[in-house]
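A short write-up of the structure that comes next.
What you see is a predicted model; the values in this text were computed from it and never measured.
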Amino acid sequence: MTERVWSVDDHLDGRTEGVRELYRRLIDMVEACGPFSYAVSKSAITLKGTRRGFAGAVPKQDRLDGYLDLQRRVDDPRILSSSPYTKRLFVHYFRLTEPDQLDDSFAELIAEAYAVGQGEHLSSGLG
């Protein structure tokens, strides 16, 4: 028996156009940072840099949930929770329900997470 291979389309299937738009805007922000790859599983769409995964998306029926790996703890209304992930990283779980939540400040968080995916946290001397 072969294991099912998950795709981005599987995660977006049956989601509202609003959730699909939130996902597209999130991916546009990541693409603005540079190249990345996907690792798709049943539970999430993980976005990977050259060194590691740095963000993930979980499209729900009425919202887009996900996570960002950052080198610092961030206090932001879109962040539901954050916790230490490694000595140098904090995982931040976010929830997006409206397009205007994907603003410049969220783009900055995406860029910070993207840098983690490129291994910046390994040479920053933090942690």
Side-chain angles (χ1 to χ4, degrees):
M1 189 162 137
T2 60
E3 190 172 323
R4 184 171 192 267
V5 176
W6 286 84
S7 71
V8 170
D9 287 339
D10 290 327
H11 282 278
L12 294 175
D13 189 40
R15 302 301 181 239
T16 65
E17 185 54 38
V19 170
R20 290 169 173 266
E21 179 63 21
L22 290 170
Y23 176 77
R24 282 190 294 268
R25 285 183 181 213
L26 176 75
I27 295 304
D28 287 347
M29 286 182 167
V30 175
E31 288 176 342
C33 296
F36 67 97
S37 61
Y38 294 89
V40 183
S41 68
K42 180 179 181 178
S43 60
I45 303 164
T46 299
L47 310 178
K48 297 177 70 172
T50 56
R51 296 295 303 248
R52 56 170 285 125
F54 60 89
V58 184
K60 300 290 188 175
Q61 192 57 40
D62 61 345
R63 66 187 187 270
L64 181 65
D65 288 348
Y67 61 89
L68 301 171
D69 290 343
L70 302 171
Q71 294 184 71
R72 63 187 176 101
R73 195 178 294 260
V74 172
D75 182 26
D76 183 284
R78 295 164 287 206
I79 304 295
L80 301 175
S81 66
S82 65
S83 59
Y85 184 68
T86 69
K87 285 172 49 177
R88 299 174 186 224
L89 298 176
F90 295 86
V91 61
H92 294 73
Y93 294 97
F94 65 81
R95 175 163 293 159
L96 304 171
T97 57
E98 300 293 331
D100 63 353
Q101 291 176 299
L102 287 158
D103 59 12
D104 290 344
S105 67
F106 201 79
E108 290 172 9
L109 296 177
I110 295 282
E112 286 183 40
Y114 183 85
V116 166
Q118 303 311 310
E120 182 179 286
H121 64 293
L122 299 174
S123 61
S124 67
L126 296 177

When rounded to the nearest 0.5 angstrom, what is the spacing between [atom1] in [X] and [atom2] in [Y]?
X: Leu96; Y: Lys60; atom1: CG; atom2: NZ; result: 13.5 Å
X: Leu12; Y: Ile45; atom1: CG; atom2: CD1; result: 5.5 Å
X: Ser81; Y: Arg73; atom1: OG; atom2: CZ; result: 9.5 Å
X: Gln118; Y: Phe54; atom1: CD; atom2: CZ; result: 7.0 Å
X: Tyr23; Y: Arg15; atom1: OH; atom2: CZ; result: 13.0 Å
X: Tyr38; Y: Leu47; atom1: OH; atom2: CG; result: 6.5 Å

Tell me, please, which residues at least two apart from [X] pass side-chain contact (heavy atoms from CB on, under 4.5 Å).
X: Arg24; result: Glu17, Arg20, Glu21
X: Val74; result: Leu70, Arg72, Asp76, His92, Leu109
X: Thr97; result: Arg63, Arg95, Gln101

Under the side chain to side chain donor-acceptor pair (under 3.5 Å) test, residues paired with [X] that sit two or more places apart:
X: Ser83; result: none
X: Thr16; result: none
X: Ser7; result: Asp10
X: Glu98; result: none

Listed partners of Phe106 passing ring-ring contact (aromatic ring centres under 6.0 Å, His included), at least two apart: Phe94
Ignoring hydrogens, what is the shortest heavy-atom contact between [X] and [Y]? Give both atom names and the distance.
X: Ile110; Y: Cys33; result: CG2-SG, 4.1 Å
X: His11; Y: Ser41; result: NE2-O, 2.7 Å
X: Gly53; Y: Thr46; result: CA-CG2, 4.3 Å

State yes or no: do [X] and [Y] share one hydrophobic cluster built from I, L, V, M, F, W and Y residues joined by side-chain heavy-atom distances below 4.5 Å, directly or via other members?
X: Leu22; Y: Ile27; result: yes
X: Val19; Y: Leu102; result: no
X: Leu68; Y: Val40; result: yes
X: Val30; Y: Val58; result: no

Of all pairs that satisfy salt bridge (Lys or Arg N to Asp or Glu O under 4.0 Å), the ones with a partner from residues 29-57, not counting sequence neighbours: Arg52-Asp69
Enclosure of Asp75 CG (heavy-atom neighbours >12, cutoff 6.0 Å): no
Enclosure of Asp104 CG (heavy-atom neighbours >12, cutoff 6.0 Å): no
To which residues is [X] joined in a hydrophobic cluster, defined by side-chain heavy-atom contacts under 4.5 Å among Ile, Leu, Val, Met, Phe, Trp and Tyr, whether direct or through other members?
X: Leu80; result: none
X: Phe90; result: none
X: Tyr67; result: Tyr85, Leu89, Val91, Tyr93, Val116

